[in-house]
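To start, the structure under review is shown below, and the notes come after it.
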Amino acid sequence: MNVIGITGTGSLVGQAIIKSIKQSSFKNNKLIGMDYFEDTIGSYWVDKNYLLPDILKEQKLYHTWIATIIDIIKKESIRVLFIGVDFELILFAQYKKLIEETTNCTVMVSSEECIKIADDKYLTYQFLKKNDLFYPKSFTSDEFEEAIKAKEILFPTILKPKKGYRSRDVYIVQNQDELFLKAEKIEEPIVQEMIGNSQTEYTCGVIVIKDITKTIVLRRELKDGNTSAAYYQKDSPEIITQYILDVSKKLDILGVCNFQLRLDDNGIPKIFEINARHSGTTFMRALFGFNEIEFILELLLNNKVIDFDLKEGMVKRYSEEMFIKKNQ
């Protein structure tokens, strides 16, 4: 029996990873969780949950943090570690070599460069443009005035932070006055061309590991910045799949990457966000038959490539409750 580690048992991503394992051939393996808070819901789904030093409060805890991670991995003999917290990604990328050289654990994290591109929406735009891939026109605040004069910014347009999540501080602005007024309230704002509509929005998952690439394309609906419903059809636009494959070849991905995109009025896909990690839709994809966690574990632990039997349909996200017995 192998031991599998998951960080972020309190995060939507961490919980999606755990649920994917529970619905796989590895469901009886020992699961070790880690988080910065006690009593996360995911902590009740793993065999043991460890508290980590809160590096968001004090950066000087970085050395204590990585020492704690390595101690947990060694103590529990963790073979594969999945990352469920955004701010940990860059740290695990930096410490990946150290962890893997001092333990028998594989850390599923992409390169620092890949994570930096994904974390910054303007860098994402520059990366796509530089590599001759479809991209949404994007401008920093320093470029707003000239771009408006040159009629490169057309209204309505999208205003958002360079670094953000769950659609926070994202606005559709109708004119120049509204743009500059709302931009003052956003840290490092950018403008991005308005692409398509809510009916042409997709979330795409990609697995890249050991020269193997697998993809799934889901149309999605949003609620409060998260995917509330996802739809899989075998006849999804081929141009999206090819686009995702082309982008993936240029990024230094290890494991899973998530792409958010829309089709424009001409049917051209344009990525507006990259998440160089598992996403909140990880378990939703597993319900369609695309269990990325199982695929990775089978390949790393058993040197086995599994096939996906994808099912057409819809997955809806909903809230649920869990009773926890006193003194448990």
Side-chain angles (χ1 to χ4, degrees), residues 12-13 16 86 117-122 124-125 127-129 133-138 154-174 190-207 214-248 251 256-288 290 292 310-318:
L12 188 63
V13 175
D86 277 10
I117 290 169
D119 276 352
D120 186 312
K121 293 175 179 60
Y122 194 73
T124 296
Y125 149 74
F127 161 80
L128 294 171
K129 185 176 181 180
L133 299 160
F134 301 130
Y135 60 87
K137 291 181 181 179
S138 304
L154 302 176
F155 297 97
T157 193
I158 302 293
L159 178 67
K160 61 174 67 171
K162 280 175 61 177
K163 299 182 179 182
Y165 57 94
R166 287 179 54 192
S167 301
R168 287 189 63 180
D169 293 326
V170 176
Y171 303 100
I172 299 175
V173 294
Q174 303 295 331
I190 65 167
V191 155
Q192 210 162 65
E193 71 168 290
M194 196 165 175
I195 312 160
N197 56 59
S198 60
Q199 296 303 305
T200 65
E201 183 158 331
Y202 293 81
T203 178
C204 309
V206 178
I207 306 170
K214 297 285 186 178
T215 67
I216 186 170
V217 174
L218 303 175
R219 191 173 68 80
R220 72 168 183 171
E221 295 174 2
L222 287 174
K223 182 178 181 181
D224 300 327
N226 286 317
T227 303
S228 60
Y231 304 82
Y232 174 71
Q233 289 181 280
K234 293 182 180 178
D235 61 350
S236 293
E238 180 59 31
I239 191 172
I240 298 179
T241 300
Q242 189 57 55
Y243 178 48
I244 293 306
L245 289 172
D246 291 342
V247 174
S248 299
L251 275 174
V256 172
C257 196
N258 188 254
F259 302 95
Q260 316 296 342
L261 63 85
R262 282 187 175 187
L263 297 178
D264 69 10
D265 294 341
N266 296 312
I268 301 299
K270 295 179 179 179
I271 290 170
F272 57 84
E273 183 172 326
I274 300 175
N275 296 309
R277 54 165 173 75
H278 299 281
S279 78
T281 55
T282 291
F283 184 61
M284 299 178 87
R285 293 198 285 262
L287 293 174
F288 287 112
F290 191 92
E292 60 202 44
L310 300 183
K311 299 170 288 188
E312 291 188 307
M314 172 181 67
V315 172
K316 295 280 284 185
R317 175 174 280 151
Y318 65 97

Quiz item: To the nearest 0.5 Å, how far apart are CZ in F134 and CD1 in I268?
Solution: 4.5 Å
Quiz item: Does the distance from a Lys or Arg side-chain N to an Asp or Glu carboxylate O, for K163 and D119, drop under 4.0 Å?
Solution: no
Quiz prompt | Value rounded to 0.5 Å, distance of CD in E292 from CZ in R285 | solution = 4.0 Å
Self-check item: N258 vs H278, side chain to side chain contact (heavy atoms under 4.5 Å, CB included): CA-CA, chis, key distance, verdict
Solution: CA-CA 7 Å; N258 188 254; H278 299 281; over 6 Å; no
Quiz item: Between CD1 of I239 and CD1 of I244, what distance do you get to the nearest 0.5 Å?
Solution: 11.0 Å
Quiz item: What's the shortest heavy-atom distance between V13 and S279, and which atoms?
Solution: CG2-C, 3.8 Å
Exercise. Could you tell me whether the side chain of R262 and the main chain of I195 form a donor-acceptor pair under 3.5 Å?
Key: yes
Quiz item: Mind checking whether F288 and Y232 have parallel, tilted or perpendicular rings, split at 30° and 60°?
Solution: tilted
Practice problem: Indicate yes or no for a side-chain donor-acceptor contact from E193 to the backbone of K137 under 3.5 Å, with no hydrogens or angles considered. | Solution: yes
Practice problem: Over all heavy atoms of both residues, which pair between G280 and A16 is shortest? Give the atoms and the distance, please. | Solution: O-CB, 4.2 Å
Practice problem: Return the minimal non-hydrogen interatomic distance between F155 and Q174, and the atom names on each side. | Solution: CB-O, 3.2 Å
Quiz item: Once you round to the nearest 0.5 Å, how far does OH of Y171 lie from CD1 of I158?
Solution: 12.5 Å
Self-check item: Under 3.5 Å: donor-acceptor pair, side chain of T157, backbone of Q192
Solution: yes
Exercise. Test the R219-Y231 pair against the cation-pi criterion, namely NZ or CZ under 6.0 angstrom from the six-membered ring centroid and within 45° of the ring axis.
Key: yes
Practice problem: Dump the intermediate steps for side chain to side chain contact (heavy atoms under 4.5 Å, CB included) on Y243 and L128, then the final yes or no. | Solution: CA-CA 11 Å; Y243 178 48; L128 294 171; 4.0 Å; yes
Quiz item: When you look at CD of E312, are more than 12 heavy atoms from neighbouring residues, nucleotides or ligands closer to it than 6.0 Å?
Solution: yes
Quiz item: Between atom CZ of R317 and atom OG of S228, what is the distance when rounded to the nearest 0.5 Å?
Solution: 8.0 Å
Practice problem: Measure from the side-chain N and O atoms of T227 to the backbone N and O of L222, and report whether any donor-acceptor pair falls under 3.5 Å. | Solution: no
Quiz item: Is a side-chain N or O of N275 found less than 3.5 angstrom from the main chain of R277, in a donor-acceptor match?
Solution: no
Quiz prompt | Nearest-0.5 Å distance, OG of residue S236 to CG of residue L218 | solution = 7.5 Å
Quiz item: D264 and N266: which non-hydrogen atoms are nearest, and at how many Å?
Solution: OD1-N, 2.8 Å
Quiz item: Are L261 and K270 close enough that some pair of their side-chain heavy atoms sits under 4.5 Å apart?
Solution: no
Self-check item: Chi angles and distances behind the side chain to side chain contact (heavy atoms under 4.5 Å, CB included) call for T124, Y135
Solution: CA-CA 9 Å; T124 296; Y135 60 87; over 6 Å; no
Exercise. Apply side chain to side chain contact (heavy atoms under 4.5 Å, CB included) to F127 and L251, showing your working.
Key: CA-CA 9 Å; F127 161 80; L251 275 174; 3.6 Å; yes
Quiz item: Minimum heavy-atom separation for A276 to C257, with atom names?
Solution: CA-SG, 3.8 Å
Exercise. Compare every heavy atom of V206 with every heavy atom of F259, then report the nearest pair and how far apart it is.
Key: CE1-CG2, 3.5 Å
